[in-house]
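When reading the values below, keep in mind they use all heavy atoms of this one structure, side chains included, and skip hydrogens, waters and symmetry mates. Fair warning: this is a prediction, and the values are worked out from it, not measured in the lab.
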2 protein chains.
Amino acid sequence: MRVDGKLMRTIWPTGRGTVGIIDQTRLPFEFAEAELKSPDDAAHMIKSMLVRGAPLIGATAAYGVALAVSADPSDASLNRAIDALARTRPTATNLRWALQRCDREIRQLKPAARAEAAWQLAALICEEDVAINRAIGRHGLELIRAGNKPDRPVNVLTHCNAGWLATVDFGTALAPVYAAHDSGIAVHVWVDETRPRNQGASLTAWELAKHGVPHTIIVDNVGGHLMQHGMVDLCIVGTDRTTATGDVANKIGTYLKALAARDNNVPFYVALPSPSIDWNLTNGIAGIPIEQRDASEVTRMTGRTSEGRIETICLSPEGSPAANYAFDVTPARLVTALITERGICPASRDGLRSLFPEHV
Amino acid sequence: MRVDGKLMRTIWPTGRGTVGIIDQTRLPFEFAEAELKSPDDAAHMIKSMLVRGAPLIGATAAYGVALAVSADPSDASLNRAIDALARTRPTATNLRWALQRCDREIRQLKPAARAEAAWQLAALICEEDVAINRAIGRHGLELIRAGNKPDRPVNVLTHCNAGWLATVDFGTALAPVYAAHDSGIAVHVWVDETRPRNQGASLTAWELAKHGVPHTIIVDNVGGHLMQHGMVDLCIVGTDRTTATGDVANKIGTYLKALAARDNNVPFYVALPSPSIDWNLTNGIAGIPIEQRDASEVTRMTGRTSEGRIETICLSPEGSPAANYAFDVTPARLVTALITERGICPASRDGLRSLFPEHV
């Protein structure tokens with residue numbers, strides 16, 4: 001997507017044997033690029049969330065493997081990189097999916113052929129992600145078009161960031177929004193701030209503003225009130241892992257919005273690339289591991305002072321403990337439909353089977 | 001309640017014709033008192049939330065009237081003060097209830113008798129609030145006792161601050177928690193941070209810590225996940241206005257927790273002093289005015305830097321608009337029961353009638 005006129009993706013090979021990314025921890029205050037030179041860099045940047053979003057994590061991991069086998073194409077090097085990258089974040093499936101694919105395709109090659117193949121594979125995973133998200137946008141556009149009113153914009157509520165910053169390009173949940181906006185449909189996005197890391201207020205608001213899509217930031221508490229008063233036409237969120245039965249693990253708080261949508265007859269859609277489907281799982285609440293992150297993400301917050309300095313402040317009394325669960329699971333029964341690259345389907349085993357017969 | 005050993009209330013006449021309060025905008029970082037010398041001070045401190053919480057707003061307004069008629073006991077002065085105080089905050093009923101009571105009882109007196117009567121009335125409203133909250137604590141204690149397990153504490157989730165800082169003393173939602181803790185029941189509180197003003201992370205955590213009640217701060221997004229995993233035994237929240245049919249207006253986001261409680265069979269209780277009941281309203285969603293506050297409460301946050309400086313930071317991109325709805329309405333159907341000073345009743349007209357037959 002465009003950043004101040006320049007067409008960009010979130011990750012790119014630099015041509016010097018390294019990989020460029022956007023340091024997303026510095027947005028929305030500073031647009032800075034960073035460089036991955038080793039698989040350790042890739043693991044660190046995933047864990048520290050310089051890159052985040054399930055599809056982008058998968059792409060970054062693939063480049064991490066390429067960096068590893070470029071430096072040392074041995075089995076030991078491949079194993080070390082895959083193990084380290086797999087341990088970075090537990091919830092997103094795309095990470096394991098990308099690493100398993102790298103493992104399968106690279107290990108069978110002679111060491112001398114591995115580096116080139118790994119770079120090609122990482123690039124292919126990126127291209128596939130872009131194509132998937134374009135298709136999600138095309139399918140989801142029809143849902144937004146269906147909510148179109150002559151007298152006011154279609155109001156979409158989203159949680160966290162499942163925009164182009166969460167993917168290689170275009171985004172998942174926001175792909176339909178961009179497609180609608182670009183085809184002339186008046187659309188307005190309610191942006192959940194998404195505590196504790198504020199990916200909504202910092203990343204979603206930033207990328208919508210850069211693209212010129214009207215939006216309003218709200219705290220995570222507000223969505224229910226808006227839906228009670230007819231101010232949301234549809235919800236679209238992303239997912240970090242989807243079970244074969246349509247349960248959805250996404251950023252903490254997604255479940256609460258799905259409950260409010262159901263209570264107010266607002267359609268609740270989940271946009272997902274098929275690599276985020278965990279075909280082995282059938283019970284999301286019992287089966288999907290939920291990452292717990294550091295309590296300081298809850299008790300501290302970083303932003304810009306009126307003098308332009310980036311400062312971290314503490315919000316709570318000294319010594320009051322905090323807990324930080326990063327994801328929750330929305331049961332399939334609360335999901336109106338899944339928007340995938342192959343089309344829209346019910347959030348159920350039958351629904352997924354209809355689009356992905358080779359898997360179920 | 002106790003603050004570092006000293007027994008305190010949230011509001012008190014100083015004996016010098018002024019009124020002392022705790023400046024709650026400076027908690028949890030600094031414990032500072034402030035002084036009301038005029039009805040304008042009272043209106044300003046309610047509007048700027050130096051005092052907040054429906055019962056404390058009512059008590060502060062009563063002292064505002066006392067300050068007004070002490071300076072000038074005329075009808076014009078009484079009218080001016082009541083009008084100004086009534087305009088400060090739209091949602092809480094206690095404010096209008098206290099002002100109507102002052103109006104009724106003071107206006108009928110000769111001007112010379114008004115000042116003394118107004119001070120006595122304000123003190124009486126405070127004493128009644130304390131007695132009400134003690135009774136709410138006693139009734140609610142039985143609900144916590146019922147959730148008592150031999151092997152682990154009773155886990156209570158609360159939203160915003162309905163503790164002693166929101167009242168004259170003891171609190172509403174937290175009164176049962178303090179009663180349980182003080183009677184030896186092991187209790188642990190999940191404290192919703194409560195964006196955008198963070199009354200949970202700043203006020204509820206502070207007062208629970210001061211009293212020694214185990215607690216954990218969570219972002220507002222987390223409660224649904226905790227309930228899905230059996231980590232919440234009951235929810236107790238306060239209310240700023242309750243309809244005659246049991247609908248409840250409380251801090252924005254309360255409705256989302258009530259939905260999660262219902263979805264997971266967790267009891268959802270609302271603690272309320274009867275002055276917060278609006279006997280004229282039967283449809284909370286249509287009838288209760290929801291305050292909209294400044295967008296800067298969403299886009300900016302204040303806290304303490306590592307050097308101990310209090311600093312305000314901006315969280316969102318320049319120019320991204322924000323909306324700030326301060327309350328939402330939880331329909332009676334989602335409320336397990338109301339905890340009042342007269343006992344516990346279903347959230348319904350019949351339930352309220354059984355306890356308050358003189359009103360319905």
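Taking OG1 of A/Thr305 as the reference point, atom CD of B/Glu311 lies at 5.0 Å (rounded to 0.5 Å). Taking CZ of B/Arg195 as the reference point, atom CZ of A/Arg195 lies at 6.5 Å (rounded to 0.5 Å). With values rounded to the nearest 0.5 angstrom, A/Tyr255 atom OH is found 3.5 Å from B/Asn264 atom CG. B/Ser316 OG to A/Leu203 CG: the interatomic distance, rounded to the nearest 0.5 Å, is 12.0 Å.
When heavy atoms are compared at a cutoff of 4.5 Å, B/Arg197 does not approach chain A at all. B/Leu27 does not touch chain A: none of its heavy atoms, backbone or side chain, sits under 4.5 Å away. B/Thr302 touches chain A through its backbone: at least one of N, CA, C or O sits under 4.5 Å from a heavy atom, while the side chain does not. Heavy atoms closer than 4.5 Å to chain A are found in the backbone of B/Thr312, but not in its side chain. Interface remark: A/Pro317 contributes backbone and side-chain atoms alike to the contact with chain B (heavy atom separation under 4.5 Å). Only the backbone of B/Phe327 comes within contact range of chain A, with heavy atoms under 4.5 Å apart. For B/Pro321, the parts lying under 4.5 angstrom from a heavy atom of chain A are both the backbone and the side chain. With a threshold of 4.5 angstrom between heavy atoms, B/Arg309 approaches chain A through side-chain atoms but not through N, CA, C or O. Interface residue B/Ala209: only side-chain heavy atoms are found under 4.5 Å from chain A. When heavy atoms are compared at a cutoff of 4.5 Å, B/Asn198 approaches chain A solely by way of its side chain, counted from C-beta outward. With a threshold of 4.5 angstrom between heavy atoms, A/Ile290 approaches chain B through side-chain atoms but not through N, CA, C or O.
The pair A/Arg262-B/Asp263 fails the salt-bridge criterion, with no side-chain N (NZ, NE, NH1 or NH2) lying under 4.0 Å from an Asp/Glu carboxylate O.
Contact check for B/Leu256 versus A/Lys257: side-chain heavy atoms found under the 4.5 Å cut-off. Two residues are said to be in side-chain contact when any heavy atoms from C-beta on lie closer than 4.5 Å; B/Ile217 and A/Val298 meet this criterion. Counting heavy atoms from C-beta on, the side chains of A/His229 and B/Tyr325 never come closer than 4.5 Å.
With chain B as partner, the option from A/Asp328, A/Leu259, A/Val191 having the largest number of non-hydrogen pairs under 4.5 angstrom is A/Leu259. Looking only at heavy-atom pairs under 4.5 Å with chain B, the residue among A/Met301, A/Glu297, A/Glu318 that has the most is A/Met301. Heavy-atom pairs under 4.5 Å with chain A peak, among B/Thr194, B/Val329, B/Ile285, at B/Ile285.
Near-neighbour residues of residues 221-228 of chain A relative to chain B, defined by a heavy atom under 4.5 Å from a heavy atom of that chain, comprise A/Asn221, A/Val222, A/Gly224, A/His225, A/Leu226, A/Gln228.
The heavy-atom pair separating A/Val219 from B/Pro196 by the smallest distance is CG1-CB, 3.8 Å. Counting all heavy atoms, side chain and backbone alike, A/Leu315 lies closest to B/Pro28 at O-CG, 4.1 Å.
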